[in-house]
Amino acid sequence: MSDVAKEKAARLLKKRTSVSSLGSHEIRAIGKTKDSISTVSYIDEPGHHDDNARPTVQMENTYQLGPVKRFPVLTVNNILKDVLTSYLQEEKYEAELCRQMTKTISEVIKARVKDLMIPRYKIIVQINIGQLSNQNMRVGSRCLWDPANDTFASYAFKNRSLFAVGSVYAVYFE
């Protein structure tokens, strides 16, 4: 991982008031991922992108059509529950704070899932946080899906003032 990406991840974590709430494996996972590049999309900040072009990587064909190790949905559900609960248990809904929290929480979850070292799965993390005020909300997603190999994990959290829905999608890369 490049120094620019490390600094960006560190800044995201420092925006949270205390880094001490993270375990050492979360910080280590952000700094040392095995041949992978994580990106966060900033839909609300137009023009925000890395100017560094990613080098193309030539890979040999493995002719492997299915995963050797299945994606551990129960373990990822526990990660979602743990992270969402620890970050949002005592928080009150504030739009700007929740906007930053979605970015931070998604990076922490992605780092912890990548720390499981599941080969050949692309990981997509989506976090939605909203104010709890007697409304209904449905979260849906669509994509091309291989039901034999692709899967997801999801967890919904709520406290007195906010709700959060976290989803981790695992798409097998052939």
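Bear in mind that the values here come from a model prediction, so they are computed numbers and not experimental data. FYI, side chains are in, hydrogens and waters are out, and symmetry mates aren't considered; it's all heavy atoms of this structure.
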Heavy-atom closest pair, residues Val83 and Ile105: CG1-CG2, 3.9 Å
Ser133 and Gln131 side chains, donor-acceptor separation under 3.5 Å: no
Nearest heavy atoms of Ile129 and Cys98, plus distance in Å: CG2-SG, 3.6 Å
Spacing of Arg112 atom CZ and Asp82 atom CG [to the nearest 0.5 Å]: 4.5 Å
Neighbour count above 12 (heavy atom, 6.0 Å) for Lys69 NZ: yes
In one Ile/Leu/Val/Met/Phe/Trp/Tyr side-chain cluster, 4.5 Å: Val113, Val165: no
Atom pair CZ/NZ of Phe157 and Lys81 - distance to nearest 0.5 Å: 11.0 Å
Spatial distance of atom CD (Glu94) from atom CG (Leu162) [nearest 0.5 Å]: 10.0 Å
Leu132 to Lys158 - nearest heavy-atom pair and separation: CD2-CD, 4.2 Å
Closest approach of Ser167 to Leu80 (non-hydrogen atoms, all atoms of both residues): N-CD2, 4.5 Å
Transitive ILVMFWY side-chain link Tyr87 to Phe163, under 4.5 Å: no
Shortest non-hydrogen contact from Glu91 toward Asn159: O-ND2, 3.0 Å
Side chain to side chain contact (heavy atoms under 4.5 Å, CB included) evaluation trace for Val73 with Val76: CA-CA 5 Å; Val73 175; Val76 175; 5.9 Å; no
Test: Glu96 and Arg99 ion pair at under 4.0 Å: yes
Side chains of Asn149 and Arg70 in contact at under 4.5 Å (non-hydrogen atoms): yes
Any donor-acceptor N/O pair, Asp115 side chain to Ala111 backbone, under 3.5 Å: no
CD (Glu90) with more than 12 external heavy atoms under 6.0 Å: no
Val168 side chain reached by Ile109 side chain, heavy atoms, under 4.5 Å: yes
From CD1 (Ile123) to CG (Leu116), nearest 0.5 Å: 8.5 Å
Which atom of Leu88 lies closest to which atom of Ala164, heavy atoms considered: CD1-CB, 3.5 Å
Exercise: do Ser141 and Tyr169 side chains pair donor with acceptor under 3.5 Å: yes
Reported OG1-to-CD distance for the pair Thr102 and Glu107, which is rounded to 0.5 angstrom: 11.0 Å
Any residue meeting side chain to side chain contact (heavy atoms under 4.5 Å, CB included) with Lys92, in chain and number order, not counting sequence neighbours: Ser161
Residue pairs fulfilling ring pair (Phe, Tyr, Trp, His ring centres under 6.0 Å) with at least one residue in residues 120-152, sequence neighbours excluded: Phe71-Tyr121, Tyr121-Tyr172
